[in-house]
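Here's the structure we're looking at; comments come further down.
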Amino acid sequence: MIASERPRAIIAVDLDYFYAQCEEVRNPSIKSKPVVVCVYSGRTQESGAVSTCNYIARDLGVRSGMPIALAKRILRDNLTAVFLPMDMEYYQTVSERIMGLISSKGEKFEQASIDEAYLDVTTKQDANFRIAEEIGKAIKAEILSEEKMTCTVGVGQNKLMAKMAVDSKKPDGFTIILPGLERSFLNRLPVGKLFGIGPKTEEKLKAMGIVTARDLASADRETLSDHFGKKLGPTLRDIANGVDESPVVEKPIEQLSRIITLKSDANSFDFHDVLTPMSEYLSKKLFSSKMMCKTVGIILITSELKIKTRSKSFSPTTQSGDQILKVASELFYSFFEEQSKSPQGPISVRRVGIKVSDLVATSTSKKTETLEDYI
DNA sequence: AATACCGGCGAGT
DNA sequence: TCATACTCGCCGGTATT
């Protein structure tokens, strides 16, 4: 046993229906109406998907990921419904202000997404999360007064439990799971409600007779490893037990990608026109985040919505748009070469993208390693 | 035998 | 019915050293 470890106090903050709430803040007159934020793909007038929506729309049955046309059908009798195109730049600036606000409330801060963050507020005299509660309330109050926005806060002894606390009451929630009460909080939940267990894993577990978190928490370790592998198997059991040792730390970006929907499905490798701006965009992103990439990949989504990927690593690392374009073009070319030879013939593609990964920070020292590679 | 690379899949926002 | 744009992580297979 490890010498008496004091439980950590972790706060999770989740900005409620973030994109749609940003739109409400910008234009308060829509607050009383269903608000649906859309990603229009440009194929037809209404093609695309719902990114997120406010709770008025959710209560009427709209869900994120849903086709826009379906959301419009659901809301067709509601003359007040508002459909807006996504405005990432605006959401990003709002997010940055709020993240700055949250991070100032604790030493260790981790942004988990554009609208989620963790804060480690562990202090010596806070075994019952009194201080964490104060800080959590202060965060909610400040986001409300400064940005006119509600959020949901969860407190637990690790990131997993803080997140489960958040998920248990949204929107505008505040939930604390005290140390020791993890199992009683989780036990009744179906495994699919646990963070990290999606539909596929839930189905597999169900087939094994594991339905609730209680079942999973005491499931045979050997059996879990056999079915899910030696990493995921034990992790699943940990999740059901509320166990999570992962620290609150800012993680460096490890990949960047850019993907678009084609105006119509295609099956040739003449993608130069769409690839060029994507490569330039990624190059600029790399530059602004002071990163270089070692791997370039392509992403294709077929007409049947199957995802295909190809990638290539190289050295030295690069930041250049031309280089990214060159590698991506080669990958596209050989992908379609390969496809044309396959028995099914050429494949039809709906969406295409480029991904840069294996990112490394550009050397800050005077003598760069990459320079020597060129000599 | 260990590590790197590659493509597919799953989960989440 | 129609089905976005990202990010991260794991798995198994194969290639490289």
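Naming: A, B, ... by sequence-line order, numbering from 1 per chain. A quick note: this is a predicted structure, and the numbers were derived from the prediction, not measured.
If you check every strand for non-hydrogen atoms under 4.0 Å, A/L232 touches sugar and phosphate atoms only. Looking at heavy-atom distances under 4.0 Å, A/L331 makes no contact with the nucleic acid at all. At the heavy-atom level, A/L256 lies under 4.0 Å from the strands shown only through sugar-phosphate atoms. When heavy atoms are screened at a 4.0 angstrom cut-off, A/I68 is found touching no nucleic acid atom at all. Here A/Y40 lies out of heavy-atom contact (under 4.0 Å) with every strand. Within 4.0 Å of A/I259, counting heavy atoms only, lie sugar-phosphate atoms of the nucleic acid but no base atom. A/K72 comes within 4.0 angstrom of nothing in the nucleic acid, heavy atoms only. A/S47 comes within 4.0 angstrom of sugar-phosphate atoms only, judged by non-hydrogen atoms across all strands, and of no base. Across all strands, A/G65 comes closer than 4.0 Å to base atoms (heavy-atom distances).
When the nucleotides C/dC8, C/dT7, C/dT4 are ranked by their closest atom to the side chain of A/S257, C/dT7 comes out on top. Each of B/dG7, C/dA5, C/dC2 was ranked by its minimum atom distance to the side chain of A/T261; first place goes to C/dA5. Ranking C/dT4, B/dG10, C/dC2 by closeness to the A/K200 side chain, first place goes to B/dG10. Nearest to the side-chain atoms of A/K251 among the listed nucleotides C/dT4, C/dG9, B/dC5 stands C/dG9. When the nucleotides B/dT13, C/dA3, C/dA5 are ranked by their closest atom to the side chain of A/K163, B/dT13 comes out on top. With C/dT4, C/dG9, C/dC2 as the candidates, the nucleotide lying closest to the side chain of A/V39 is C/dT4. When distances run from any side-chain atom of A/S311 to the nucleotides B/dC6, C/dA3, C/dA5, the shortest one goes to B/dC6. The side chain of A/T309 lies closest to B/dG8 when the candidates are C/dT1, B/dG8, C/dA5. With B/dC5, B/dT13, C/dA3 as the choices, the nucleotide that has an atom nearest any side-chain atom of A/S313 turns out to be B/dC5. Of all nucleotides listed (C/dG9, B/dG10, C/dA5), B/dG10 comes nearest to the side chain of A/T201.
Note that A/K72 lies in the cation-pi zone of A/F83, set by a 6.0 Å cut-off to the ring centre and a 45° limit from the axis. Remark: A/R258 qualifies as a cation-pi partner of A/Y281 under the 6.0 Å distance and 45° angle criteria applied to the six-membered ring. Under the 6.0 Å distance and 45° angle rule, A/K204 counts as a cation-pi partner of A/F228.
Atom CZ of A/F195 is separated from atom P of B/dG10 by 18 Å (rounded to the nearest Å). Rounded to an integer number of Å, the gap from A/D358 CG to B/dA4 P is 10 Å. When rounded to the nearest whole Å, the span between CG of A/L359 and C1' of C/dC8 equals 12 Å. In this structure, CD1 of A/I253 is placed 20 Å from P of C/dA5, rounded to the nearest angstrom. In this structure, A/D167 places its CG atom 15 Å from P of B/dA11, rounding to the nearest Å. Distance CD1 (A/I307) to C1' (B/dA11): 12 Å, rounded to an integer number of Å. Rounded to whole Å, the distance from CD on A/Q255 to P on C/dA5 is 16 Å. Atom NZ of A/K355 and atom P of C/dT7 are 10 Å apart (whole Å).
Residue A/R350 places at least one side-chain N or O closer than 4.0 Å to OP1 or OP2 of C/dT4. Taking only side-chain nitrogens and oxygens, A/R310 comes nearer than 4.0 Å to OP1 or OP2 of B/dG8. Contact between the side-chain N/O atoms of A/R73 and the OP1/OP2 oxygens of C/dT1 is not found at any separation under 4.0 Å.
Between the side chains of A/S41 and A/S47, at least one donor N or O sits under 3.5 Å from an acceptor N or O. One side chain, A/E24 or A/Y17, offers a donor N or O that lies under 3.5 Å from an acceptor on the other.
DNA chain B is contacted by both A/D14 and A/K306; A/K306 maps to the nucleotide lying nearer its 5′ end (nearest heavy atom per residue). Each of A/T44 and A/K230 was assigned the nucleotide of DNA chain C with the nearest heavy atom; the assignment lying further toward the 5' end belongs to A/T44. In terms of position on DNA chain C, the residue among A/R258 and A/G233 whose nearest nucleotide sits closer to the 5' end is A/R258.
As the counterpart of C/dA3, no nucleotide is assigned, since no Watson-Crick or G-U wobble pattern has both distances under 3.5 Å. The pairing partner recorded for C/dC11 is B/dG7, the criterion being a Watson-Crick or G-U wobble arrangement whose two distances lie under 3.5 angstrom.
A salt bridge is absent between A/E134 and A/K137; no separation between the charged side-chain nitrogens and carboxylate oxygens falls under 4.0 Å.
A/C38 and A/I68 make their closest contact through CB-CD1, 3.6 Å (heavy atoms, listed as atom of the first residue, atom of the second, distance). Here the closest heavy-atom approach between residue A/S320 and residue A/S283 is recorded as C-OG, 3.9 Å.
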